[in-house]
*Asks:* 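The structure is given below, and queries will be raised subsequently.
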Amino acid sequence: MRYDLVIFDNDGVLVDSEPISNTILAGYLTELGHPTTYEESLRDYMGAAMHRVHDLVAERTGQRLPADFDAEFHTRVFAAFEQELTPVTGVPELLAELTAAATPYCVASSGSHERIRVGHRKTGLDRWFTDERIFSSEDVGRGKPAPDLFLYAAEKRGVAPERCVVVEDSPLGVQAAIAAGMDVYGFTAMTPADRLAGATALFTDMAELPGLLA
């Protein structure tokens, strides 16, 4: 294989959570007096850590979100996950193929450790991701588009950045991978290809990924 480590984003790449979480985020922000459409939530927050939501609201309105905003948001999201969340089509088969080929992989997500684990338990992906394969923006000082999370994952897995490839579906994630000096494959099942400009390659179906990695 061309790479020594495959780093997956989580939301929208492994689990089909972006429609759920962005619908809830847009609704909650609107409820708090910051009118936000689903499309605006995708544009501004998809792939980002929670601090970006706080930062953009403060920058645009001069107001701070409630102290319990993150806790309440995640309570709503996790409840929805239990009812609706599914793995991205083709992901279980892909992970089985990577495992059979002894291809090293991990996940590096802007979401919290709790969010990653809740989603993986619900979708059955927890069988593929032991603790040493899970990295969150909680582990570093800055979330995407900073390269810190991807560099941290590579360091912990003992792989040089140039030997890593990132699988991402958000513009912020693509920017972070490029800043980390890694190749990045943009997953366009949900994100328009032109929003993932700069990606090493683009693909629309998980069945295509093994061919790109070969």
Side-chain angles (χ1 to χ4, degrees), residues 1-18 21 42 44-53 55 87-88 91 94-95 98-99 101-117 119-120 125-126 128-191 193 195-203 206 208-210 212-214:
M1 194 183 75
R2 294 167 57 190
Y3 305 100
D4 295 333
L5 180 65
V6 182
I7 304 176
F8 290 99
D9 175 43
N10 189 56
D11 294 292
V13 171
L14 296 177
V15 295
D16 195 16
S17 54
E18 293 290 8
S21 59
L42 287 176
D44 293 340
Y45 305 122
M46 182 175 170
M50 287 302 294
H51 67 76
R52 180 176 172 88
V53 182
D55 292 346
V88 168
V91 162
L94 171 65
L95 294 173
L98 294 180
T99 300
T103 300
Y105 64 87
C106 66
V107 60
S109 172
S110 292
S112 66
H113 278 282
E114 183 183 15
R115 176 176 172 139
I116 297 167
R117 285 170 169 79
H120 285 189
L125 297 187
D126 52 343
W128 307 109
F129 289 94
T130 50
D131 287 349
E132 65 271 16
R133 283 180 164 156
I134 298 176
F135 303 98
S136 161
S137 62
E138 291 181 321
D139 300 327
V140 296
R142 299 181 299 168
K144 305 168 189 177
D148 305 35
L149 176 56
F150 291 142
L151 292 173
Y152 178 79
E155 178 186 2
K156 288 296 184 181
R157 299 300 292 171
V159 178
E162 63 270 17
R163 296 296 303 161
C164 298
V165 62
V166 175
V167 183
E168 264 287 356
D169 72 329
S170 75
L172 294 176
V174 168
Q175 293 171 38
I178 292 171
M182 300 176 180
D183 283 355
V184 54
Y185 294 143
F187 183 47
T188 60
M190 183 173 169
T191 308
R195 295 202 67 214
L196 302 180
T200 309
L202 301 173
F203 69 107
M206 282 296 165
E208 301 172 57
L209 190 56
L212 294 172
L213 298 175

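Position 1 is the first residue of the sequence, and the numbers go up from there.
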*Asks:* Drop me the distance from Leu95's CG to Arg133's CZ, to the nearest 0.5 angstrom.
*Replies:* 9.0 Å
*Asks:* Between the main-chain N or O of Met46 and the side-chain N or O of Glu18, is there a donor-acceptor pair closer than 3.5 Å?
*Replies:*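 Pair absent, no side-chain N/O of Glu18 close to backbone of Met46.
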*Asks:* Which atoms form the tightest heavy-atom contact between Val53 and Tyr45, and what is the distance?
*Replies:*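 Looking at all heavy atoms of both residues, the shortest contact is CA-CE2, 3.6 Å.
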*Asks:* Taking it one step at a time, do Phe129 and Arg117 satisfy side chain to side chain contact (heavy atoms under 4.5 Å, CB included)?
*Replies:* CA-CA 9 Å; Phe129 289 94; Arg117 285 170 169 79; over 6 Å; no
*Asks:* Over all heavy atoms of both residues, which pair between Ser136 and Leu149 is shortest? Give the atoms and the distance, please.
*Replies:* O-CD1, 3.4 Å
*Asks:* Nearest 0.5 Å please: distance from the OG1 atom of Thr130 over to the CG atom of Asp126.
*Replies:* 10.5 Å
*Asks:* Restricting to non-hydrogen atoms, name the atom on Phe135 and the atom on Ala153 that form the minimum distance, rounded to 0.1 Å.
*Replies:* CD1-CB, 3.6 Å
*Asks:* Between Glu168 and Val174, what is the shortest heavy-atom contact and its length?
*Replies:* CG-N, 4.1 Å
*Asks:* Kindly determine whether Asp139 and Lys156 satisfy side chain to side chain contact (heavy atoms under 4.5 Å, CB included), including the steps that lead there.
*Replies:* CA-CA 11 Å; Asp139 300 327; Lys156 288 296 184 181; over 6 Å; no
*Asks:* Keeping Arg195 on the side-chain end and Thr188 on the backbone end, is there a donor-acceptor pair under 3.5 Å?
*Replies:* no
*Asks:* Donor-acceptor pair, Tyr152 side chain versus Ala108 backbone, under 3.5 Å?
*Replies:* no
*Asks:* Indicate yes or no: at least one non-hydrogen side-chain atom of His120 is less than 4.5 angstrom from one of Val15.
*Replies:* yes
*Asks:* Evaluate Leu98 against Leu213 for side chain to side chain contact (heavy atoms under 4.5 Å, CB included), listing each step before the verdict.
*Replies:* CA-CA 10 Å; Leu98 294 180; Leu213 298 175; 4.1 Å; yes
*Asks:* Taking the side chain as everything from C-beta on, heavy atoms only, tell me whether Asp183 gets closer than 4.5 Å to Arg2.
*Replies:* yes
*Asks:* Could you check if a side-chain atom of Lys144 sits within less than 4.5 angstrom of a side-chain atom of Phe150, using non-hydrogen atoms only?
*Replies:*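 Side-chain contact under 4.5 Å: yes.
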*Asks:* Flag the pair Asp11 and Arg115 as a salt bridge only when some basic side-chain nitrogen lies within less than 4.0 angstrom of an acidic carboxylate oxygen.
*Replies:* yes
*Asks:* Taking atom CG of Asp148 and atom CD of Glu155, what is their separation to the nearest 0.5 Å?
*Replies:* 11.0 Å
*Asks:* Kindly say whether Ser170 contributes a backbone atom to a donor-acceptor pair with the side chain of Thr191 at under 3.5 angstrom?
*Replies:*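 A pair under 3.5 Å: no.
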*Asks:* If I take atom OG from residue Ser137 and atom NE2 from residue His51, how far apart are they, to the nearest 0.5 angstrom?
*Replies:*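 Taking OG in Ser137 and NE2 in His51, the distance rounds to 6.5 Å.
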*Asks:* With the side chain counted from C-beta on, respond yes when Val88 and Val13 share a heavy-atom pair under 4.5 Å apart, and no when they do not.
*Replies:* no
*Asks:* Side chain to side chain contact (heavy atoms under 4.5 Å, CB included), that's the test. Do Asp9 and Val166 meet it? Break it down for me.
*Replies:* CA-CA 7 Å; Asp9 175 43; Val166 175; 5.8 Å; no
*Asks:* Nearest 0.5 Å, what's the CG-CG distance between Leu202 and Asp169?
*Replies:*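 Result: 12.0 Å between the selected atoms.
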*Asks:* So, do Phe8 and Asn10 sit near enough that their side-chain heavy atoms are less than 4.5 Å apart?
*Replies:*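 They are not in contact (no side-chain heavy atoms under 4.5 Å apart), so the answer is no.
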*Asks:* Measure from the side-chain N and O atoms of Arg157 to the backbone N and O of Glu132, and report whether any donor-acceptor pair falls under 3.5 Å.
*Replies:*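 At least one qualifying donor-acceptor pair exists.
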*Asks:* A side-chain contact here means heavy atoms from C-beta on lying under 4.5 Å apart; do Pro161 and Leu151 qualify?
*Replies:*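 Yes, their side chains come closer than 4.5 Å.
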*Asks:* Using every non-hydrogen atom in the two residues, find where Leu14 and Leu125 come nearest and quote the distance to one decimal.
*Replies:*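 Heavy-atom minimum between the residues: O-CD1, 3.5 Å.
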*Asks:* Below 4.5 Å, heavy atoms only, C-beta onward: do Phe203 and Val167 meet side chain to side chain?
*Replies:* yes
*Asks:* Evaluate the ring planes of Tyr3 and Tyr185, with Trp represented by its six-membered ring, and classify them as parallel (under 30°), tilted (30 to 60°) or perpendicular (over 60°).
*Replies:*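 Aromatic pair Tyr3/Tyr185 classed perpendicular.
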*Asks:* When you compare the side chain of Pro171 with that of Leu196, does any pair of heavy atoms fall below 4.5 Å?
*Replies:* yes
*Asks:* If you look at every heavy atom in Pro147 and Ala180, which pair is closest and at what distance?
*Replies:*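 Shortest heavy-atom contact: CB-N, 3.6 Å.
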